[in-house]
2 protein chains.
Amino acid sequence: MKTDGAGAHVLLVDDDVDLSTMLRQYLENEGFRVTVDFNGKQAVDAATSGVYDAVILDVMLPTITGIELLRRIRQDSAIPIIMLTAKGDQVDRVIGLELGADDYMPKPYYPPELVARLRAVLRRRNGERAGAEEDPELGFSDLKVNTPARRVTWQGAPIQLTTTEFNLLVALLQSGDRVATRDQLSRNVLGRAWESYDRSIDVHANNLRQKLLNASEGGVEIETVRGVGYRAKGRQ
Amino acid sequence: MKTDGAGAHVLLVDDDVDLSTMLRQYLENEGFRVTVDFNGKQAVDAATSGVYDAVILDVMLPTITGIELLRRIRQDSAIPIIMLTAKGDQVDRVIGLELGADDYMPKPYYPPELVARLRAVLRRRNGERAGAEEDPELGFSDLKVNTPARRVTWQGAPIQLTTTEFNLLVALLQSGDRVATRDQLSRNVLGRAWESYDRSIDVHANNLRQKLLNASEGGVEIETVRGVGYRAKGRQ
DNA sequence: CCAGGCTTTACCAAACCTTTACAGAAAGCT
DNA sequence: AGCTTTCTGTAAAGGTTTGGTAAAGCCTGG
């Protein structure tokens with residue numbers, strides 16, 4: 001249940017208010033604490049203050065270049081840094097990496113991809129090997145969900161799920177006994193906020209429900225919580 | 001005195017003539033044979049020629065980045081490599097270490113420290129050769145992949161692969177049951193992060209898939225995991 | 001200059017996501 | 001209970017995304 005980097009505090013330095021707001025929400029939904037710095041002025045102080053666990057740094061900043069920022073941060077701190085770079089901009093990238101950025105992320109990016117890389121640098125920072133092994137298996141009773149392999153089985157028999165269905169199932173299981181709201185599910189699974197009249201999650205939930213029903217004969221259920229969302233339930 | 005690595009032949013790739021001369025003297029004094037390459041041009045050929053036991057590689061080179069050099073060497077050889085990186089410039093373990101560097105050494109360094117690490121990687125290499133720790137052969141059922149020799153066979157019959165295809169196959173096999181994401185594959189195989197619309201991995205994956213299919217008649221498959229990446233699968 | 005091999009592009013088919021519509025269930029109200 | 005409103009299940013149509021594939025472009029080493 002405890003995903004990597006849960007609770008890690010991330011400093012996001014980006015001048016694009018809209019984009020960074022969306023990204024912040026996404027990150028928070030993934031369990032990070034996020035602070036945004038729009039102008040980069042205080043970024044160096046903030047980044048080196050020791051309160052953050054990682055920095056996401058846009059290289060395209062209005063007043064000061066991200067590269068310069070990166071250099072200054074690196075003078076005082078070894079905090080993990082991910083740069084956001086323009087697509088195909090090799091120069092910034094190489095310079096960035098050589099200045100000690102831990103990774104880069106070409107724009108435009110998919111938030112889940114960024115989160116994956118963020119977790120990677122955090123994991124690497126903490127005991128490299130130690131926590132490296134995730135709890136790859138979740139699920140209850142005879143239902144096994146192997147996240148790294150993206151495989152689902154009931155009593156050993158594989159269940160064929162689409163990408164979204166798989167993600168949805170994982171989200172539901174991670175939510176455990178708590179009800180997962182449509183908004184949470186939409187953000188986690190579809191990568192967008194939920195708005196009224198959006199029935200997409202419902203459709204996926206039902207398709208998933210159907211497949212699980214067929215495969216497990218009622219061993220796993222997806223319970224509807226009227227007006228709120230869904231919850232996965234199984235005979236323990 | 002002459003402990004580990006006595007007589008080992010080291011290739012030093014560094015453009016700073018003064019520094020590398022001093023280092024060479026120090027290393028020779030410690031019992032190593034040393035060859036220096038200043039411009040890095042011939043470094044790949046030299047490193048992969050089989051005459052050296054280890055490479056010390058400066059990442060800050062004038063014409064070509066050390067990272068690029070590293071990648072090319074790793075395409076053809078498993079020789080131990082230590083990177084020299086600028087201070088604080090954890091020149092990317094993401095890229096450096098993931099591309100297969102064995103260790104890194106921040107500049108400025110104390111020669112004794114470098115020698116210690118050099119011996120460590122040499123010892124590790126030899127130890128692995130002695131112990132059963134290594135898996136020079138990976139693959140399943142009738143597919144044999146010999147990494148040091150860079151040879152692939154199906155039921156003894158060789159399969160002709162390009163460098164990239166071979167690396168891709170190894171990356172897939174090493175990932176085992178886990179799905180290898182495009183980003184992971186891109187980093188490991190191509191030495192760069194993945195960005196959307198980059199289809200290179202897909203093309204290689206399909207070429208490889210085709211060759212394996214022809215050779216093994218379905219004994220090995222490269223499975224596509226939609227929206228995520230690929231996985232190698234074989235009849236066990 | 002050629003050859004081999006990596007990358008990019010373009011196109012197509014298949015997979016699959018989203019939307020829509022409607023019917024049925026649940027909850028509220030009187 | 002009945003009636004009304006709100007919400008969810010479900011099927012199907014439509015549209016979008018994704019990956020396979022062929023081919024052209026490009027780079028590099030010979």
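Chain letters run A, B, ... following the sequence lines, proteins first, then strands; residues in each count from 1.
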TODO: Quick one: list whatever passes side-chain contact (heavy atoms from CB on, under 4.5 Å) with A/Arg24, sequence neighbours left out.
DONE: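 Only A/Glu28, A/Val34, A/Val36 meet the side-chain contact (heavy atoms from CB on, under 4.5 Å) criterion with A/Arg24.
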- [ ] State which residues pass side-chain contact (heavy atoms from CB on, under 4.5 Å) with A/Ala180; sequence neighbours excluded, sorted by chain then number.
- [x]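 A/Ala180 satisfies side-chain contact (heavy atoms from CB on, under 4.5 Å) with A/Leu172, A/Ser175, A/Gln184, A/Leu185 once adjacent residues are dropped.
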- [ ] Sort and list the pairs that fulfil salt bridge (charged side-chain N to carboxylate O under 4.0 Å, His left out) and have at least one residue in residues 159-170 of chain A, not counting sequence neighbours.
- [x] A/Glu165-A/Lys211
Rounded to whole angstrom units, what separation is found between the [atom1] atom of [X] and the [atom2] atom of [N]?
X        : N      : atom1 : atom2 : value
B/Arg231 : D/dG19 : CZ    : C1'   : 16 Å
B/Gln210 : D/dT21 : CD    : C1'   : 9 Å
A/Leu185 : D/dT8  : CG    : P     : 12 Å
B/Ile222 : D/dG19 : CD1   : P     : 15 Å
A/Lys211 : D/dG9  : NZ    : C1'   : 17 Å

Contact list (N/O, under 3.5 angstrom) for nucleotides 13-16 of chain D vs protein:
none

TODO: Give the angle between the helix axes at the two ends of the helix from C/dC1-D/dG30 to C/dT30-D/dA1, taking five base pairs at each end and rounding to 10°.
DONE: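 The helix from C/dC1-D/dG30 to C/dT30-D/dA1 shows an end-to-end axis angle of 40°.
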Check whether any side-chain heavy atom of [X] sits under 4.5 Å from a side-chain heavy atom of [Y], and report yes or no.
X        : Y        : result
A/Asn188 : A/Asn167 : no
A/Leu212 : A/Leu169 : yes
B/Tyr230 : B/Ile201 : yes

- [ ] Would you give the length of the straight line joining atom CG of A/Leu84 to atom OH of A/Tyr104, rounded to the nearest 0.5 angstrom?
- [x] 13.0 Å
Residues two or more places apart in sequence or in another chain: which of them pass side-chain hydrogen bond (donor to acceptor under 3.5 Å, both in side chains) with [X]?
X        : result
A/Asp198 : A/Arg192
A/Arg199 : none
A/Asp15  : none
A/Lys144 : none

TODO: Please determine if a side-chain N or O atom of B/Arg209 lies less than 4.0 Å away from the OP1 or OP2 oxygen of D/dG19.
DONE: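 Answer no for this pair, as no side-chain N or O of B/Arg209 is under 4.0 Å from OP1 or OP2.
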Open item on the list: Measuring to OP1 and OP2 of D/dG9, would you say a side-chain N or O of A/Tyr230 lies under 4.0 angstrom away?
Closed with: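 Result: yes.
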- [ ] Indicate for each nucleotide in nucleotides 4-24 of chain C, in 5' to 3' sequence, whether protein heavy atoms under 4.0 Å reach the base (B), only the sugar-phosphate (S), or nothing (-).
- [x] -SSBBBB----SSSBBBB---
Open item on the list: For the CZ atom on A/Arg231, are there more than 12 heavy atoms of other groups (residues, nucleotides or ligands in this structure) within a distance under 6.0 Å?
Closed with: yes
Open item on the list: If the condition is ring pair (Phe, Tyr, Trp, His ring centres under 6.0 Å), which residues does B/Tyr52 pass it with, not counting sequence neighbours?
Closed with: B/His9
Between protein and nucleic acid, restricted to nucleotides 28-30 of chain D and to nitrogen or oxygen atoms under 3.5 Å apart, what atom pairs and distances do you find?
none

